[in-house]
Amino acid sequence: MTDLLSDLEARGLIASSTDLGALAESMAEPITLYCGFDPTASSLHVGNLVPLLLLRRFQLAGHKVIALVGGATGLIGDPSGRSTERNLNTDDTVADWVNRVRGQLQHFLDFDGDNPATLVSNLEWTGPMSAIEFLRDVGKHFSVNAMLGKESIAARLNGDGISYTEFSYMLLQSMDYLHLYRDHGCTLQVGGSDQWGNITGGLDLIRKVEGPESRAHGLTVPLVTKADGTKFGKTAGGAIWLDAEQTSPFAFYQFWLNTDDRDIANMLRFFSLRPVSEVEEVIAAGEANPASRAGQRALAAELTDLVHGVENREHIEAASAALFGRGDLAALPETIWRQATEDVPTTTAVSAGATVIDALVATGLCDSKSAARRAIKEGGAYVNNQRVSEQEANLDSSLALHGRWVLLRRGKRSIAVADLGV
RNA sequence: GGCGGGUUGCCCGAGUGGCCAAAGGGAACGGACUGUAAAUCCGUCGGCAUACGCCUACGCUGGUUCGAACCCAGCACCCGCCA
């Protein structure tokens, strides 16, 4: 089972850790570990994927994993990795988000079978606690002097400041670890590298409360960085969510497919659950023939399979080939067309004879008529893969494929369908 | 509680009465080149009408003025120092 650690190392997935030797030793037997996910939005996003997949790797290796949803910490706000104070969300909002995030976590881990994962919310043990109890039993073990030295706090002291609320965050997370250590025999906490300060806080607390004989470990995965220096997981349209309602499976697939060549090797190592040797083969194939983008295709396929299912992925691949290809759209059989465009944004708001400008706006490809006019002027608007040259062009019914659909494209990457109706 | 500084378009940031839809940078978008990549070059970058023009916009609410992002008053929020 210690193979897992060397596998992680080979993938570059270990940012920092407590004594790896001791951890490896304890992993000779199945251990219990946890990772926390705060509900800071209604869905998890691709940035949560690395720690999430880390839990999965541990589960696949036979360890007992606990996924923790931050029902309590989500009400407070983690200062780690943020330069400004968070806005507080209402109880109701967070409660709703907890439920949604909980539902998503269930997709990634196995909750049945002989090694089921466990799902908890830290509100279970934090909620009933009184302020006095918290200050006496937990607060007393934390030295403010030491806390001020933590990266997450220090950065804010030099910057925009920090509220007492967020300052206390680390105590809550430390308490979580202690609780899980006691009640679940949890001896490892994993998380993103920005969680290192919070994790060590928990380790300190466990040692102080449980004595020097206690054994608890910490492990963090690196932050995913991109060659161009921009933040991973964000696009012009915002974050890439795991929720199909917020980021369509099509957009999700396209996000990975558009990965920069310079990043693809690392991305594959980080995100793929396939054995390292296979991953390296894919990387090599991609590097031998960059135009094939073998790495991007493999990554997009694997993650779309995982998050949205194989069936969706197959449709999306068909769509990508047909809609972005130079192929003859009219030759596409209706059934394939239907499958291919299932995840493509579609509007029914326009009918035959509508202007291309209106159609571009209705599909969301352009934000306004002005923008649509510009797109046409710049030669960036296409109907059925044909560039539109006339400002006044309209969607003649003769353009309709299979009698009703018209493919609209803005630039190279954005496509949508106008359903002219029957 | 006192004093000082701040609030400009997606972000940063100029602008202190008309020449301001508002410099500059970044992001983003389109085109060329490619591979739905990167880099580079060119262009666009509030909305409607794409002609004139009109509307909306510089924290909020009022005021001064022929005219205000720019002056005045009040309010809100942020930052810093002091208590």
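Chain A is the first sequence line, chain B the second, and so forth, proteins listed ahead of strands; every chain is numbered from 1. Only heavy atoms go into these numbers, but all of them, side chains included; no hydrogens, no water, no symmetry mates.
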What distance, rounded to whole Å, do you find between the two [atom1] atoms, one in [N] and one in [M]?
{"N": "C45(B)", "M": "C52(B)", "atom1": "P", "value": "14 Å"}
{"N": "A38(B)", "M": "G46(B)", "atom1": "P", "value": "24 Å"}
{"N": "G15(B)", "M": "G6(B)", "atom1": "C1'", "value": "16 Å"}

Would you please name every residue forming a side-chain hydrogen bond (donor to acceptor under 3.5 Å, both in side chains) with Gln246(A), sequence neighbours left out?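 Checked Gln246(A) against side-chain hydrogen bond (donor to acceptor under 3.5 Å, both in side chains); matches are Ser42(A), Asp243(A).
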Apply side-chain hydrogen bond (donor to acceptor under 3.5 Å, both in side chains) to Gln254(A) and list each qualifying residue two or more places apart in sequence or on a separate chain. Ser320(A)
Applying the Watson-Crick and G-U wobble criteria at under 3.5 Å, what pairs with A73(B)? Answer none if nothing qualifies. U61(B)
Could you check whether [X] gets within reach of a base, just the sugar-phosphate, or nothing at all, counting any heavy atom under 4.0 Å?
{"X": "Tyr382(A)", "result": "sugar-phosphate"}
{"X": "Arg387(A)", "result": "sugar-phosphate"}
{"X": "Asn258(A)", "result": "base"}

Shortest non-hydrogen contact from Ser43(A) to Gln104(A)? OG-NE2, 2.9 Å
Where protein sits on nucleotides 44-54 of chain B, one letter per nucleotide: B base, S sugar-phosphate only, - none, heavy atoms under 4.0 Å: SS-SSSB----
With RNA chain B as reference, determine whether Ser414(A) or Gln254(A) sits nearer its 5' end, using the nearest nucleotide of each.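 Between the two, 5'-proximity favours Ser414(A).
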Regarding Thr346(A) and Asp419(A), do their side chains bring together a donor and an acceptor under 3.5 Å, going by distance alone? no
Would you confirm whether the ring centroid of Phe255(A) sits within less than 6.0 angstrom of the ring centroid of Phe271(A)?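 Phe271(A) vs Phe255(A): aromatic centres not under 6.0 Å.
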Can you tell me how the ring of Phe252(A) sits relative to the ring of His308(A), calling it parallel under 30°, perpendicular over 60° and tilted otherwise? perpendicular
